[in-house]
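First comes the structure, then the notes that go with it.
On a predicted model such as this, the values are computed, not experimentally measured, just so you know.
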Amino acid sequence: MSKPINDRKVAIIGCGFVGSSSAFALMQGGLFSEIVLVDVDRNRAEGEALDISHGMPFAHPCKIYAGDYNDIDDAAIIVITAGANQKPGETRLDLVQKNVAIFKTIIPQISERNYQGIILVVSNPVDILTYVTLKLSGMPATRVLGSGTVLDSARFKYILGEHLSVDPRNVHARIVGEHGDSEVAVWSTANISGIPIHDFCELRGHYDHEAAMKRIAEDVKNSAYEIIEKKHATYYGIAMTVKRICEAIARDEKTIIPVSNYQNGEYGLDDVVLSMPAIVGRSGVEYKVPAPFNAQELAQLHESAKTMKEVIETLDL
């Protein structure tokens, strides 16, 4: 018998840099009144909970504590950040076997409790691990999603904003497909406050569109590698991404973001999880938004899906 869901509670499994940074961001955001941290290293979870709690007089009332799987089954959202870190020179896909093995120890402990909330997968490779979570948990696809290319899209907006000297919040553009090397920059619908991207570029004195598009897409794709090379891990950007997705769910915002979600016939894609635009609200992925891609983008999307399916076929699920 599952517990009633507490809409003001979130659980985070994994208290490394990403998990602890996400807990910090969520505490500051005031979304939840209860945050439970679960980690194989109980002392680490207790230390992070104490450290974050000591800033509460400057933020919002919130109970933050270390717990175990018995403490998470009434959480509105379970955020999974556990797993091996990406090392310098490694791709996200290099982490597959290690992190799938870890997820095989985590997901059964959630599903055996008949969990009724939302699972948000953040660990990499996020699209593959979201698929693994979906298959191992047996939960509806609407309630299992990954952080996907929400962060990549934010990086895309930031870099375009720097290129054009404009507020990145006025940049409307997204990355889809794999959160990784086969990701797809959707240039065909990119715009700045409704002005098509190439038109706005020319207003700002940029005319070599092909070279700029190639450079910017590469910069977005390689952002994580650059950060990992310089500081060995990425965690602040993804922590803010976790906060943003949790906001969309907890506030039932119906916001459109490219989370990792299950594709079952859309765009000719079948039985694969990719980062695609979806309406996200209290019940998770509420609607898959049909995005207009040009022929080149659609071909790239299919290549990205092919990459994911080749990895999935190597897994013992």
Judged by atom type as modelled, is there a donor-acceptor pair below 3.5 Å linking the side chain of [X] to the main-chain atoms of [Y]?
X	Y	answer
Asp252	Arg282	yes
Glu266	Asn264	yes
Asp152	Val176	no
Ser22	Val242	no
Glu297	Asn294	yes
Thr142	Glu286	no
Tyr115	Ala75	yes
Asn261	Val259	yes
Thr105	Ile102	yes
Arg143	Met139	no

Smallest separation among heavy atoms of Cys246 and Val79, with atom names: SG-CG2, 4.2 Å
How far apart are the closest heavy atoms of Thr130 and Gly146, and which atoms are they? OG1-CA, 3.4 Å
Test of ring centre spacing under 6.0 Å for Phe293 and Tyr267: yes
Applying a strict under-4.5 Å side-chain criterion to I, L, V, M, F, W and Y, I'd like to know whether Leu120 and Met240 cluster together. no
Shared ILVMFWY cluster between Val273 and Leu317, side chains joined below 4.5 angstrom? yes
Would you say the side chains of [X] and [Y] form a donor-acceptor pair under 3.5 Å?
X	Y	value
Ser137	Ser111	no
Gln28	His60	no
Glu112	Tyr69	no
His163	Arg215	yes
Asp271	Tyr131	yes

Is the Phe17 ring parallel, tilted or perpendicular to the Tyr235 ring (thresholds 30°, 60°)? parallel
OG on Ser260 to CG on Leu145, rounded to 0.5 Å: 8.0 Å
Output the distance between atom CD1 (Ile245) and atom OG (Ser147), rounded to the nearest 0.5 Å. 5.5 Å
Measure the shortest side-chain to side-chain distance between [X] and [Y] over non-hydrogen atoms and say whether it is less than 4.5 angstrom.
X	Y	value
Val38	Ile72	yes
Val280	Glu253	no
Glu162	Lys157	no

Result for side-chain contact (heavy atoms from CB on, under 4.5 Å) between Ile12 and one of Val18, Leu26, Asp39 points to Leu26
Centre of Tyr225's six-membered ring, under 6.0 Å away, within 45 degrees of the axis: is that where NZ or CZ of Lys221 sits? no
